[in-house]
Amino acid sequence: MKTLTKKIMIGAIAFPLMLGSTAALAFGGGNGGGHHGGGMKGGKCEMMSGKRALKQVDLTDAQQTEFKTLMETHRSAMKERQPNSELQQLKQQMNTLLLAADFNEVEVRDLATQMSSLQVDRKVEMAQKRHQMLNILTEEQKVQYQEAQQQMMDKCQAKK
């Protein structure tokens, strides 16, 4: 009896992780794919190179102020909403379905779709914020940013 309970608990933990992994692969993760949409470039490398590349761009005082204001706005907006509460509720619902006597594929698919939709919404929101930040730059600064980012990516990829 204990063995069956252990198997059910392992399944209850592993299934949502598997769904998350599947969603991550669908959105460019795995095989060097990035959390921030890097395709085959590498997620961690791309995320870090973007932040560091921005530091190499010569910003005016007005641009620095605009960046700080934008970042404060984004931080306060994130603090106001509880980003994981809805996803946590869906995970709890999934665990409940996994522990049920009978497997309900329709409900599991519905929950998986809702979870994926939340992830897509968050990726779009993050891209929108990045877009706002990068549009503070002039065309010359954007070229400077892209060159610095590519150098950082090359350097990071060489370490792997």
Side-chain angles (χ1 to χ4, degrees), residues 12-97 107-160:
I13 293 169
F15 190 70
L17 293 174
M18 183 180 68
L19 285 176
S21 299
T22 303
L25 288 172
F27 293 111
N31 295 329
H35 172 71
H36 289 277
M40 296 300 285
K41 292 182 179 179
K44 189 172 185 179
C45 287
E46 185 171 345
M47 183 174 70
M48 293 307 294
S49 68
K51 289 178 181 181
R52 290 183 181 148
L54 195 55
K55 289 181 180 179
Q56 291 187 6
V57 175
D58 296 323
L59 299 175
T60 64
D61 290 339
Q63 286 174 317
Q64 288 178 358
T65 302
E66 198 172 347
F67 265 105
K68 286 179 184 176
T69 304
L70 196 55
M71 289 301 293
E72 288 171 9
T73 303
H74 292 322
R75 280 190 194 113
S76 64
M78 284 182 65
K79 287 180 182 178
E80 287 179 15
R81 72 178 176 107
Q82 294 179 348
N84 292 324
S85 62
E86 191 173 355
L87 189 57
Q88 291 290 37
Q89 289 174 348
L90 293 175
K91 286 180 181 180
Q92 288 175 350
Q93 290 175 18
M94 182 66 76
N95 285 336
T96 302
L97 289 174
E107 287 188 39
V108 170
R109 284 187 181 276
D110 181 52
L111 280 175
T113 302
Q114 289 177 45
M115 292 166 109
S116 294
S117 179
L118 279 176
Q119 290 175 337
V120 169
D121 291 345
R122 287 189 181 146
K123 287 187 180 292
V124 169
E125 185 179 336
M126 286 177 10
Q128 183 179 28
K129 289 175 182 177
R130 259 186 97 143
H131 179 265
Q132 288 174 332
M133 291 171 59
L134 293 176
N135 274 323
I136 293 172
L137 304 177
T138 64
E139 291 304 316
E140 295 82 21
Q141 288 171 326
K142 287 179 182 180
V143 170
Q144 189 181 13
Y145 168 79
Q146 287 177 322
E147 289 171 354
Q149 186 179 28
Q150 188 58 50
Q151 288 175 355
M152 300 270 183
M153 284 290 297
D154 293 344
K155 187 176 178 180
C156 185
Q157 289 294 328
K159 289 181 181 179
K160 286 186 174 184

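Numbers here simply count residues along the sequence, with the first being 1.
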- Query: With the threshold set at 4.0 Å, does a side-chain nitrogen-carboxylate oxygen contact exist between Lys142 and Glu139?
  - Reply: yes

- Message: What I want to find out is whether Lys68 reaches Glu72 closely enough, with some N-O distance under 4.0 Å, to be called a salt bridge.
- Response: no

- Query: Is there a donor-acceptor contact under 3.5 Å from the side chain of Ser117 to the main chain of Thr113?
  - Reply: no

To the closest 0.5 Å, what do you measure between [atom1] ([X]) and [atom2] ([Y])?
X: Met153; Y: Gln146; atom1: CE; atom2: CD; result: 13.0 Å
X: Arg130; Y: Asn135; atom1: CZ; atom2: CG; result: 12.0 Å
X: Gln92; Y: Leu111; atom1: CD; atom2: CG; result: 11.5 Å
X: Leu70; Y: Arg75; atom1: CG; atom2: CZ; result: 10.5 Å
X: Leu87; Y: Gln119; atom1: CG; atom2: CD; result: 6.5 Å
X: Asp154; Y: Lys159; atom1: CG; atom2: NZ; result: 12.5 Å

Tell me the closest heavy-atom pair linking [X] and [Y], and the distance in Å.
X: Ala112; Y: Met94; value: N-CE, 4.1 Å
X: Asp58; Y: Gln63; value: O-OE1, 4.3 Å
X: Thr60; Y: Gln141; value: N-NE2, 4.5 Å

- Message: Within the structure provided, determine whether Gln144 and Leu137 are in side-chain contact (heavy-atom separation under 4.5 Å).
- Response: no

- Message: Using side-chain heavy atoms (C-beta onward) and a distance below 4.5 Å, is Met71 in contact with Met133?
- Response: yes

- Query: Does any donor atom in the side chain of Gln93 or Gln114 lie under 3.5 Å from an acceptor atom in the other side chain?
  - Reply: no

